[in-house]
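Notes follow once the structure below has been shown.
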Amino acid sequence: MEYIRMENTGAVAVLTVDRPKALNALNSHVLEEMNEALDSLDPSIVRVMIITGAGEKSFVAGADISEMCTLTKEQGSAFGRKGNALFRRIETLPFPVIAAVNGFALGGGNELAMCCDIRICSENAVFGQPETGLGITPGFGGTQRLARLVGLGMAKQLLYTARNIKASEALRIGLVNAVYPPDELMDAALRLAEQIASNAPIAVRACKKAVNEGIELGMDDAADLEVRLFGDCFETEDQRLGMGSFLKKEKHPPYLNR
Ligand code: DAK
């Protein structure tokens, strides 16, 4: 692959968008390769994936403006569908995904970060949806996920003004969970990933499903979903191991792959 690197050392996979000359902007080729990279993962082994950008300056500086500028209406919709489908695929992967945002996360870059389960960033990160300044709307889920993450009022302000915000403001509004010095970001992401990967994979996956699907439901249906997923954990090896070790006052051995 030309623009995507996938390092998969077992439980933790790291996907790097590697197109630093264009600040890792997403063209069709990058989107296709990202899909290919996801195809290569074995979900019975991978427990957490980290997504980051190559270089020190940019996570992803958006969809590729040079590719988009000549698109017709139909081509624009097709491009939006392709990006939206990929980001939805990432959002619904069975295991958690962490965005390690190491610089610019603008437009499609912020949208990529937002389809991940957890976002952490470096002190030099910059977030924004600059699309209205370019004559378009966000097309990879930005109008939908931003409002869900930071609330309607703040999302609308960021979308209408096209204003970029720094890491400290992203932290304040809840767009990211933590900010690190640039040279500590990847270690922090890996530590977080290892911590998640050390827990029971069946339970972690069920939590992701319960939160993602439950948030779309009314409370009664959401509670039913939670009860079903809770029940599904019983009689699993993970549950026997986790509770058995606690009752024997022992540290449980590593959970096996499922
Ligand atoms: N696309 C293409 N090339 C980009 C790019 C981008 N988004 N961002 C940066 N580059 C390229 C620059 O053109 C430059 O290339 P060369 O001139 O060296 O060949 C190189 O990366 C370095 O950039 P700069 O020289 O500009 O670097 P600076 O440090 O001066 O500035 C910057 C960094 C991130 C502030 C600046 O590059 C910038 O403003 N970039 C554009 C950021 C942006 O507006 N991103 C949002 C893109 S719009 C939809 C589907 C999808 C979308 C919308 C609708 N539908 C189907 C409805 C998504 C839209 C977007 O993501």
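Fair warning: this is a prediction, and the values are worked out from it, not measured in the lab. Counting starts at 1 for both ligands and their atoms, in listed order. In what follows, every heavy atom counts, from backbone to side chain, and hydrogens, waters and symmetry copies are set aside.
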Can you tell me if Ser122 and Asn124 form a side-chain donor-acceptor pair at under 3.5 Å? yes

Do Phe140 and Phe79 have ring centres separated by under 6.0 Å? yes

Within 45° cone and under 6.0 Å: Arg19 NZ/CZ vs Tyr3 ring: yes

What's the separation between atom CD1 in Ile98 and atom CE in Met49, rounded to the nearest 0.5 Å? 10.5 Å

Between Asn199 and Arg47, a side-chain donor and acceptor under 3.5 Å: no

How are the rings of His252 and Tyr255 set to each other: parallel, tilted or perpendicular (split at 30° and 60°)? tilted

Under 4.0 Å from ligand 1 - residues by heavy atom, chain and number: Lys21, Ala22, Leu23, Ala25, Lys57, Ala61, Gly62, Ala63, Asp64, Ile65, Met68, Gly76, Gly80, Phe104, Leu106, Gly107, Gly108, Pro130, Glu131, Leu134, Ile136, Thr137, Pro138, Gly139, Phe140

